[in-house]
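Everything on this sheet refers to the single structure shown next.
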Amino acid sequence: MNEEPRIGVYICHCGVNIAGSVNIKEVVEYAKNLPNVIEARDYIFMCSAPGQEIIKEGIKKCNLNRVVVAACSPTMHEHTFRNVLAEAGINPYLLEMVNIREQCSWVHSDNKEAATTKAKLLIRMAVAKASLLEPLKEITFKVNKNVLVIGGGVAGLSAARDLAAKGFKVYLIERKPVIGGNTARLGRLAHAEIKGIDLVGELSRQVLSSPNIHIYVDTELANVDGSVGDFKIKLVKNPRYVNEKCNLCGECVKVCPVDVPNEYEFGVSSRKAIYLPFREAYPPIYVVDSENCTRCFECVKVCPMNAINLAEKTEEIELTVGAIIIAAGHEPYEPPIGEFGYGVSSRVITLFQLERMLDEAGPTKGELKLDGREPKNIVFITCVGSLNTTPNAYPYCSRMCCSSTIKNALMIREKYPEANIYILHRDIRTYSRGDEQLYLKAGESLIRFARYREAPNVIVNPDGSINVRFFEETIQEEVFLPADLVVLSVGMKPPKDIDKVRTIVKVGCGPEGFLREAHLKLRPVEAATDGVYLAGTVTGPKNVIESIESGSAAASKASTLLTKEEVRVEPLIAVVDEERCSGCSICIGVCPYGAIRLKTQEKARVAEVDPALCKGCGACAASCPTGAMQQFGFKDAQLKSQVLAALTK
Amino acid sequence: MSKDFEPRIVVFACNWCSYAALDLAGTSRMKYPPNFLVIRVMCSGRVDPQFILEAFRRGADGVLVAGCHPGDCHYIEGNIKALRRMTLLKRVLEEFGIEKERFRLEWISASEAEKFVRVANEMLEKIKPLGPLKVEEVHMHG
Amino acid sequence: MDKPKIAFYWCASCGGCEEATVDLAEKILDVVNLVDIVFWPVAMDYKVEDVEKLPDGSITASFINGGVRLSEHEEMVKLLRRKSKLVIAYGACSSWGGIPGLANLYSREEILRYVYHEAPTVENPQKIQPQLRIKAEEGITLELPEFLPRLLPLDLVVDVDYYVPGCPPTPEVTWKAIETLLSGNLPAKGSVLGALDKSLCYDCPLNETKPEKVLIKEIKRPHEVIADPTKCLLIQGLVCLGPVTRGGCGALCIKAAMPCTGCFGPLDEVIDYGGKAISYFASIVDYSDEQEIEKTLGKILDPMGIFYRYSLPASRLRGKITIAER
């Protein structure tokens, strides 16, 4: 825009909110004398219909091409006033707001003179910047109606189910050979009289019955290009070596010579290199664990269906989706060898191993026997891996362990009424519905609770017996317990390789590695990257109920995007001056969104910004060594003009 | 130093955390000294050390760059880019003879209005005894 | 018609710019054929009076190298300005202060004290120090030029029409600048002559060896590594200022596996060369942890000397701000 700036300054009283502390008359007179200002007016409520009319009238009458509104924070009414400009026929981005309420009148109401002076300076800064504003064009994209759900646990399954029910096509990918996630490995869930596997089974049935859902197991995310409404996805499907002709006859398992701990039973039992993760697994097809397979081909020889092909290769899959839901879950905290005696004694197990042992369908058929004898003294230690109990532990509370511990303790009590059961805890947090009753019931069932501050010492004696020693905080005494079984209530940690997914999708994470919401309270299931949603424990510890809830919530949020035909994006993005760009590519490494690329133009390489990917942080502009990269609305010259205006004496 | 000395301090505040914290200070009717003039940027990662040098050149008595806490950046790691730049800039400012009290990089989340008020008071308290920053133009034309 | 008149003058410089003029080699003969050199203290026997006698504005162009550090420099450049149609800041020192400009981190008193008394190699038991005026034995008063409080780039002392960058400008740049001036087709006042409007990376043979993302984990000083001359030096951890420095030098240092130190100065949009260099360089230090960042950047022992090597007097703050002005 080459025309001379003609600026109108509109100053709002906001009733007495501004006018009570700022001398409006004085400020209006001051504004009138600022460079390029054609008209300066005030009104009691600039955001009201008559207030907006004043601006529109000014634009028409004075032939204004820039508008400065001094009122509340731009987060309140920038949008309102942009519309006013548009309605008056000038580009909405030729507006500059001055925050003289939140950042002036309200905080300086004790000093009216200072508030008035500051309001003048802030307006001077805005006028200086407004003179350099440019008209900008909003960016719009068509929205693809498909969704990618990453993770086949309860959060991902419920998100997929809900989106499919709304008519969107869902691609659900799962890294493991089976859907169901961590919940599938849990035993009886608290309150519901349902086992984890059955809950997953029910959710899976709902998902599988929908023609809108495509499930890819053994599949990982390889790359994401594009942006909100139009993501180009690349997946890698790892070989399973067994195809859908498999009839689950189990002949292959009989001949497989390999024995490895079964991770689906938390190592409580072993499995073969060809195996079915668990009985109700979906898909109901055996899988070969290529890491442990010795390639003896015995299984291939005995398979009656010819379903095994050990030469199978990885496969690339390409998809286009409008939205992505990350429901990549968590991993249980695994104590390092020696922590609380774990890995040193077979009498020290994790809560999840206990769950498998207490499951009637599990490897021990629900029997809790050590060396053929029922344990008499059972000690649970909670907060293992959480609340900084040990140097390896995470600082947060894992939310589900207290209730889960109590639930399991009660199950043991039911089975073994004579056992001494102790729960050593840092704190008991039974916050979820019905959990407090479980806690009371545990007390009534003579399960003994004791509180520690310093991590209890688990002593494995040379004869294999175990003692637990700790300082009890309530009675203020050192306590010494003999134990036949120590159960470590382990917490949750971010899943392995989440950094890879997070880097591909470009989502931030917190200090512990869980993914970060756009806003913890206001946007809890959205990532800061548009079109990306977060569900389940990938954002931090949750119990099963909360995970399912967040899956549905993420689906609902995603559907508000997917039902739109087009998305609009603010054009305050980076822009390259190709004349000045030297192709040094510094900006490319600085951009967190991979939005910048080099293109060759007239034999020279210059940077190019993809408006669909740029989120407008401006980091590239600040690091551009030549000044060729700028950010619309926040150009070097615009920001410098504010600095100068702020400091002119 | 003159008692009338009122430092002028330029603040670069990121839109999502620190600018929001300043708004919160207002809606909570907190009070802080009127010496702080805010320039809103979308992210502290937009702040170029050149702007800070320009501010001091033009007589800013102090400069505050405020961004989201590490890990909280709306743009993943823009604040970290600011941290990298300001770490190096601080060393140069010192050599330019600008007292370290005059420049601060602070992480102020959207809920930390109180922190902004504290930082503002602290900065003012420390800058006032230093007196105005004088950077004279030194040309010999004419 | 008379040939255009040209003057050369040196202020606070090392003499390298004079050498660079001679480095034009046989082309210098073309220059001599095309112009009349009316003043060139380093090479020809003209006196100041000869310049004073010339009518104002009669010199077509004065090429001045070096920064203004002495009152003598100030006097001479003001004289040449008066006598010349065009004044050209020739070389980094004249354009932005150059290496002698780093002295702006110290007051004149500190500099004189160090140079005449404290430097380890100085033996000065009588504590002799230059004086402005001294009465010689014969009753004659001798005057020396004043050592000014700071070094100033030429354009802070007189109006400058064009700049020729480099420490020193290469013969190619010098020749291109001369061609431009002789062509009669003069660019806008304040332009940089003979060089590119893009940074060194544009011209650098190693630019294409950069990975997609230019990020570094470790900073190395040139003496610590034998750099691979076939790979971008920056990604090898060397502080290369090529991205932030005007191109046109032909990447001479790079071709000798030495990183760019920035002698061609900033591009037009840059507000403060050192500030921009810091911004770009710190941005690519690939750590998120505060301590790691500090540790890695701590490897830069002398940030002023690295990032403001040629431009301190032209920077936004000109040098140490506490140095008293005259």
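These numbers were taken from a predicted model, which means no experiment stands behind them. Every chain is numbered from 1 and lettered A, B, ... according to where its sequence line falls, protein lines coming before strand lines.
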Requested in this report: Decide yes or no for B/V92 and C/M304: does some side-chain heavy atom of the first lie under 4.5 Å from some side-chain heavy atom of the second?
Outcome: yes
Report task. Taking the side chain as every heavy atom from C-beta outward, state whether B/I98 and C/L317 have any atom pair closer than 4.5 Å. Result -> yes
Query - Set of side chain to side chain contact (heavy atoms under 4.5 Å, CB included) partners for C/C201, sequence neighbours left out - result: A/C584, C/S199, C/N207, C/K210, C/P243
**Report entry** Heavy-atom closest pair, residues C/A282 and B/R85
**Finding:** CB-CA, 3.5 Å
Query raised in the report: Considering all heavy atoms of both residues, which atom of B/L53 and which atom of C/G275 are nearest to each other, and what is their separation?
Result: CD1-CA, 3.6 Å
Requested in this report: Between chain C and each of B/D48, B/V47, B/L89, count heavy-atom pairs under 4.5 Å; write down the option with the most.
Outcome: B/D48
Can you confirm whether more than 12 heavy atoms, excluding those of [X], are under 6.0 Å from its [atom1] atom?
X      : atom1 : value
C/E224 : CD    : yes
B/K31  : NZ    : yes
C/E52  : CD    : yes
B/K100 : NZ    : no
C/E292 : CD    : yes
B/E114 : CD    : no
B/E94  : CD    : no
C/E212 : CD    : no

Requested in this report: Select one option (side chain, backbone, both, neither) describing which atoms of B/I52 are under 4.5 Å from chain C's heavy atoms.
Outcome: neither
Query raised in the report: With a 4.5 angstrom heavy-atom cut-off, which part of C/F307 approaches chain B: side chain, backbone, both or neither?
Result: side chain
Report summary line: When the 4.5 angstrom heavy-atom criterion is applied to C/S315 and chain B, the contacting part is side chain
Requested in this report: Check step by step if side chain to side chain contact (heavy atoms under 4.5 Å, CB included) holds for C/V285 and B/T87.
Outcome: CA-CA 11 Å; C/V285 170; B/T87 302; over 6 Å; no
Query raised in the report: Does the B/Q50 side chain pair with the main chain of C/I271, one donor and one acceptor, at a distance under 3.5 Å?
Result: yes
Report task. Using modelled atom types only, decide if a donor and an acceptor are shared between the side chain of B/R57 and the backbone of C/R316 within a distance under 3.5 Å. Result -> yes
Query raised in the report: Between the side chains of C/S288 and B/E77, is a donor N or O closer than 3.5 angstrom to an acceptor N or O?
Result: yes
Query raised in the report: Are side-chain N/O atoms of B/R84 and C/S283 paired as donor and acceptor at under 3.5 Å?
Result: no
Report summary line: Across all chains, not counting sequence neighbours, the ring-ring contact (aromatic ring centres under 6.0 Å, His included) partners of B/F96 are C/Y308
Query raised in the report: Which residue out of C/T296, C/I300, C/L312 racks up the most heavy-atom pairs below 4.5 Å with chain B?
Result: C/I300
Query - Residue pair C/I321, B/K134: steps toward the side chain to side chain contact (heavy atoms under 4.5 Å, CB included) verdict - result: CA-CA 7 Å; C/I321 58 165; B/K134 278 205 195 95; over 6 Å; no
Report task. Could you tell me the separation between the CE atom of B/M86 and the OG atom of C/S279, rounded to the nearest 0.5 Å? Result -> 7.0 Å
